[in-house]
Amino acid sequence: MKPAAIDAFFATLQTANPTPETELVFASRFELLAAVLLSAQATDVSVNKATRALFAVAPTPERMLKLGEAGVIEHIKTIGLFRSKAKHLIQACRLLVERHHGQVPRDREALEALPGVGRKTANVVLNVAFGEPTMAVDTHIFRVANRTGLAPGKTPLAVEQGLLRRIPVRYLEDAHHWLILHGRYVCQARKPLCHACQVRTHCDHGRLTAMPS
DNA sequence: ATCCCGAGGG
DNA sequence: CCCTCTGGAT
């Protein structure tokens, strides 16, 4: 896709995307980190439902440690993968307190050293909490980037680098949300709604499927 | 490559 | 019933 098409693509997504009533809810950098960690292979709606009560009790790593793994599990039982997530969250809090004075580090290596935090989660925290120019490639973005031809790649890292090369830094955070919303509501995994897609004309897959066969 | 693992949609 | 959801660790 050429730069002009990229601009048109995102300009259209910006005006087309539905009200993002479903975004992760957090009130601090720590809550952001915890919410993103818990959101792996889970919808943000289910994560918000759990973190609402969890963060009321444990809004800091210290309070999370006091709550303990069993206490965390009680709050996040409705989320998938809850046992490993509770263990990771508690151990991550331990490291935050021991190594980072209970603060979320502005450092990729330090973030990825936390249990349950990989490149995708670190990218979200670095971008949203600290304004660093990163692009977190989740399942939606990986699919949309490949299907549309926006930034094809065999691995999430390859797609990430392609998107960083093509998207103006100023748009990175918004583009991240637009791509996810587009992936969730229009460019769905199973059955992409190409007939209702507003960026179809900019999309490899959309142009093909729009043709009579 | 496989496991973790509940909720929601088709 | 099967697949998917803002992945990460082994």
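Sequence lines set the chain letters: A, B, ... in the order given, protein chains first and strands last, and positions in each chain run from 1.
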Exercise. Which pairs count as salt bridge (charged side-chain N to carboxylate O under 4.0 Å, His left out) when at least one residue sits in residues 48-62 of chain A, sequence neighbours excluded?
Worked result: none

Problem set entry | With S46(A) via side chain to side chain donor-acceptor pair (under 3.5 Å) - residues at least two apart | T43(A)

Exercise. Near DNA chain C, under 4.0 Å by heavy atom, which residues of residues 159-176 of chain A?
Worked result: H176(A)

Exercise. Within the structure shown, what part of the strands sits under 4.0 Å from L179(A) by heavy-atom distance: base, sugar-phosphate, or nothing?
Worked result: nothing

N/O donor to acceptor pairs below 3.5 angstrom from side-chain atoms of residues 152-164 of chain A, sequence neighbours left out:
unit_1, atom_1, unit_2, atom_2, d
T155(A), OG1, A158(A), N, 3.1
E160(A), OE1, R119(A), NE, 2.8
E160(A), OE1, N123(A), ND2, 3.2
E160(A), OE2, R119(A), NE, 3.2
E160(A), OE2, R119(A), NH2, 2.8

Close N or O pairs between protein and nucleotides 3-7 of chain B (under 3.5 Å):
unit_1, atom_1, unit_2, atom_2, d
dC5(B), OP1, R83(A), NE, 2.7
dC5(B), OP2, R83(A), NE, 3.4
dC5(B), O4', L81(A), N, 2.8

Problem set entry | 5' priority, DNA chain C, between A189(A) and A40(A) [closest heavy atom] | A189(A)

Seminar exercise, completed: Closest non-hydrogen contact found for N48(A) with L24(A) is OD1-CA, 3.4 Å

Seminar exercise, completed: side chain to side chain donor-acceptor pair (under 3.5 Å) filter on H88(A), not counting sequence neighbours, yields none

For this session: Quick one: list whatever passes side-chain contact (heavy atoms from CB on, under 4.5 Å) with E31(A), sequence neighbours left out.
Result: F26(A), A27(A), S28(A), F55(A), P59(A)

Exercise. Which part of the nucleic acid, if any, lies within contact of V117(A), taking any heavy atom under 4.0 Å across all strands shown: a base, the sugar-phosphate backbone alone, or nothing?
Worked result: sugar-phosphate

For this session: Tell me what P156(A) touches on the nucleic acid: a base, only sugar-phosphate, or nothing, going by heavy atoms under 4.0 Å.
Result: nothing

Exercise. Quick one: salt bridge (charged side-chain N to carboxylate O under 4.0 Å, His left out) pairs with a partner in residues 74-87 of chain A, sequence neighbours left out?
Worked result: E69(A)-K87(A), E74(A)-K77(A)

Problem set entry | Selection residues 106-117 of chain A - residue pairs positive for salt bridge (charged side-chain N to carboxylate O under 4.0 Å, His left out), sequence neighbours left out | R106(A)-E132(A), R108(A)-E112(A)

Seminar exercise, completed: Residue set satisfying side chain to side chain donor-acceptor pair (under 3.5 Å) with R166(A), at least two apart, ordered chain then number -> none

Exercise. Where does the angle between the aromatic ring planes of F10(A) and W178(A) fall among parallel (under 30°), tilted (30 to 60°) and perpendicular (over 60°)?
Worked result: tilted

For this session: Rounded to whole angstrom, note down the P distance from dG10(B) over to dT6(C).
Result: 14 Å

For this session: Strictly below 4.0 Å, heavy-atom distances to any atom of DNA chain B: list the hits from residues 127-146 of chain A, or just say none.
Result: none

Seminar exercise, completed: For residues 33-43 of chain A, the salt bridge (charged side-chain N to carboxylate O under 4.0 Å, His left out) pairs (sequence neighbours left out) are none

